[in-house]
Amino acid sequence: MKKTINGQMWKSMVLSAAKYLDINRASVDALNVFPVPDGDTGTNMSLTMQSAAKEIAELRSNKTAEVAEAVARGALRGARGNSGVILSQILRGICQVLKKEEEIDLKLFAEALKTGAEVAYGAVSQPKEGTMLTVIRMIADSAQSVRRKCADFESFFKEIIQAGNAAVEITPTLLPVLKKAGVVDAGGKGLMCVLVGMQKALLGETISGETSFVIPDTTTSDGSLEHMDILSLGNIEFAYCTEFFVININKKTTLADIERFKEFLLTIGDSVIVIGDLEFVKVHVHTNQPGLALTKALELGELDKLKIENMLEQNRALIKKYEEEKKEMGMMSVSAGEGITSIFKDLTVDAVIEGGQSMNPSASDIADAVQRINADNVFVFPNNKNIILAAEQAKSLVENKTIHVIPTKNIPQGFAAALAFNPDLPVDENKANMIHALDSVTVGQVTYAVRNTKLYGFELKIGDIMGLDNKKILATGKNVSEVTLDLIEKLRSDEEIITLYYGQDVKEEDAEALAAEIQEKYPDCDVEIHYGGQPIYYYYIALE
């Protein structure tokens, strides 16, 4: 029985939690309130935990402070979606306390849970009860009361998991939308998977199944200056890129000599490549002592095709170009679909990363994209309410520039914000204009149901077509075009422009036919269609 745990055990608990959550993420995803095919709470929480697990899996130390810092850092960088961000803050608060002592007792762990809850509540501007926040708070409260009667971590975890499960079960009574959907809070359920995974490590139980720690790459690149590794400018450790061939190898030279030459180069530089045989050797090294590399190579044979480039001078030229091209303001957007991405680029958005309903980018993805934009101020368009919190968290990961998060909740709002940008206006005025532009567009979305449910007066079956605004379901049916027409009728008031962005599962001729039908129904409106290529959603609709 464990009365205390150390850094090694905490590492095992986090790794076990990540694996257990990954195995159960589909069941957590299925608890999404809306029966749309974008239930991603389990996926977001799992990827956040995987990022933390990856960080500590690469950590050689088992010191509690270092493990705790790695967990907090990995979770912060990998946080995705609202649920992932909140989970990262829970872990951050827990780790703030755990790193104080090498040996962790029940009193300290209970304090850590309390701090985790407090930090998580503080990260949300308008905390809602009936969510994973409620669950972690009730777990922390239970921990404070049961730690005195528990003699070890095994019995302690049994008690707090029981309290957590009870908290999950009451979430529908605290949040009416959960009760209407007939589900418990997905984030709370995901949090319980984390705790159960930790408990299994404490009990010495193994979890069957594989976790790959593969973190999706959401970045896109067009090869321009903005995508080069700006972070490395000015950090050249070895100045000279040295390349040459060794030919006419000496008769006394052996393969072991070539291997020792490679080992020597590693002592005077990096990026070492030594490939070949006793006939021919190709050499590449970054070093501050190219003469030493050449002299040593002469012991093997003759030198040919020598090329030594001054990387410091190249670096100075890049820095100069970077500074000359720097601008005051830039834009970054999250996109879903090649057509949507092309439109954002046409609107002069500097960087676009892939993401959306089915795969939210992490705080680190957003920060990395912002870091590579050559501007002092960057406006970020999350284009999804579940990405806004991660965008806000990205602010703490970016240096030497300011992120301004424009709270766009969908793609059409992102377009409206980008259209409002004027490079001749100051930052604050642009930000105000962008936020104001969000109210100028009414947005609808058409998708399909992934489970049977009763919600907002509709009885839905798997596969039914649904028309939604940003808050609720407004139209349902069996036919995509009919539901889209019904949704537009319920959304429209006196708007003069109706724009359809059709997804990857809609044929162009079907979109054109629907646009013609809308035009006939609303002859006083301008009707436009654009290829979006977005997954999951047949149409994004913008009314202006």
Side-chain angles (χ1 to χ4, degrees), residues 14 17-18 21 28 40-52 55 68-99 110-141 143 164 167-168 171 174-175 185-195 334 355 360-368 370 380 382-399 402-409:
V14 173
L21 178 56
V28 177
D40 52 8
T41 298
T43 297
N44 285 334
M45 294 181 72
S46 177
L47 289 172
T48 301
M49 282 301 298
Q50 287 184 38
S51 182
E55 194 82 21
E69 287 174 1
V71 170
R73 181 172 60 248
L76 171 66
R77 295 194 65 84
R80 296 170 187 268
N82 293 340
S83 56
V85 171
I86 292 171
L87 176 58
S88 76
Q89 295 305 298
I90 291 172
L91 291 171
R92 177 184 163 215
I94 290 173
C95 290
Q96 280 179 1
V97 176
L98 297 189
K99 68 181 182 181
E111 181 188 341
L113 289 171
K114 179 181 178 183
T115 303
E118 291 170 349
V119 172
Y121 267 89
V124 181
S125 57
Q126 294 180 319
K128 284 185 178 180
E129 296 301 332
T131 66
M132 63 189 295
L133 291 172
T134 301
V135 177
I136 185 58
R137 177 177 56 78
M138 293 183 68
I139 289 171
D141 289 345
V168 170
T171 54
L174 300 173
L175 203 58
D185 180 64
K189 193 69 173 179
L191 181 60
M192 293 313 301
C193 288
V194 171
L195 287 180
V334 179
N360 297 157
S362 68
S364 180
D365 292 331
I366 295 170
D368 289 346
V370 167
V380 173
N383 300 333
N384 186 304
K385 63 182 181 181
N386 204 33
I387 301 176
I388 294 174
L389 202 54
E392 291 286 353
Q393 188 157 314
K395 292 178 179 179
S396 65
L397 301 176
V398 171
E399 298 178 357
T402 303
I403 289 179
H404 304 272
V405 177
I406 308 301
T408 54
K409 296 180 179 179

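As a basis for the values below, the full set of heavy atoms in this structure was taken, side chains included, without hydrogen atoms, waters or symmetry mates. We number each residue from 1, following the sequence as shown.
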Worksheet item: Between Asn383 (side chain) and Val334 (backbone), is there a donor-acceptor pair under 3.5 Å?
Response: yes

Worksheet item: Ala390 and Ala79: which non-hydrogen atoms are nearest, and at how many Å?
Response: CB-O, 4.1 Å

Item to complete: Measure the OG1-CG distance between Thr43 and Asn360 for me, rounded to the nearest 0.5 Å.
Response: 9.0 Å

Worksheet item: Between Gly74 and Ser51, what is the shortest heavy-atom contact and its length?
Response: O-OG, 2.6 Å

Discussion item. Which heavy atom of Thr115 sits nearest to which heavy atom of Gln96, and what is that distance?
Written reply: CG2-OE1, 3.9 Å

Worksheet item: Do we see a donor-acceptor contact under 3.5 Å between the side chains of Ser46 and Gln50?
Response: yes

Discussion item. Return the CD1 to CZ distance between Ile366 and Arg80, rounded to the nearest 0.5 Å.
Written reply: 9.5 Å

Worksheet entry | Full working for side-chain contact (heavy atoms from CB on, under 4.5 Å) between Arg92 and Leu76 | CA-CA 8 Å; Arg92 177 184 163 215; Leu76 171 66; over 6 Å; no

Worksheet item: Considering all heavy atoms of both residues, which atom of Pro361 and which atom of Ile387 are nearest to each other, and what is their separation?
Response: CD-CD1, 3.6 Å

Item to complete: Please report the shortest heavy-atom distance between Ala391 and Pro382, naming the atom on each side.
Response: CB-CG, 4.1 Å

Discussion item. For a side-chain contact (heavy atoms from CB on, under 4.5 Å) check, start with the C-alpha distance between Ile94 and Leu113, then their side-chain angles and the critical distance, and finish with the verdict.
Written reply: CA-CA 6 Å; Ile94 290 173; Leu113 289 171; 3.9 Å; yes

When the side chains of residues 186-194 are checked against the rest of the protein, which donor-acceptor pairs come out under 3.5 Å, sequence neighbours left out?
none

Sequence neighbours left out, cut at 3.5 Å: what donor-acceptor pairs do the side chains of residues 128-136 make with other protein atoms?
residue: Glu129; atom: OE1; partner: Tyr121; partner atom: OH; Å: 3.3
residue: Glu129; atom: OE1; partner: Thr134; partner atom: OG1; Å: 2.4
residue: Glu129; atom: OE1; partner: Arg137; partner atom: NH2; Å: 3.2
residue: Glu129; atom: OE2; partner: Tyr121; partner atom: OH; Å: 3.0
residue: Thr131; atom: OG1; partner: Lys128; partner atom: O; Å: 2.8
residue: Thr131; atom: OG1; partner: Leu133; partner atom: N; Å: 3.2
residue: Thr134; atom: OG1; partner: Gly130; partner atom: N; Å: 2.7

Worksheet, complete the sentence: To the nearest 0.5 Å, atom OG1 of Thr171 lies from atom CG of Leu175 at 7.5 Å

Worksheet item: Atom CG in Leu87, atom CG in Asn82: separation rounded to 0.5 Å?
Response: 12.5 Å

Discussion item. So which atom in Asn386 and which in Ser83 form the shortest heavy-atom distance, rounded to 0.1 Å?
Written reply: OD1-N, 4.4 Å

Practice prompt. Return yes when atom NZ of Lys395 has more than 12 non-hydrogen atoms of other residues, nucleotides or ligands closer than 6.0 Å, and no otherwise.
Written response: yes

Practice prompt. Quick one: pull up OG in Ser88 and CZ in Arg73 and give me the separation to the nearest 0.5 Å.
Written response: 14.0 Å

Fill in: Minimum side-chain heavy-atom gap Leu47-Ser362 below 4.5 Å
no

Discussion item. Side chains of Leu389 and Ile86, heavy atoms from C-beta outward: is any pair under 4.5 Å?
Written reply: yes

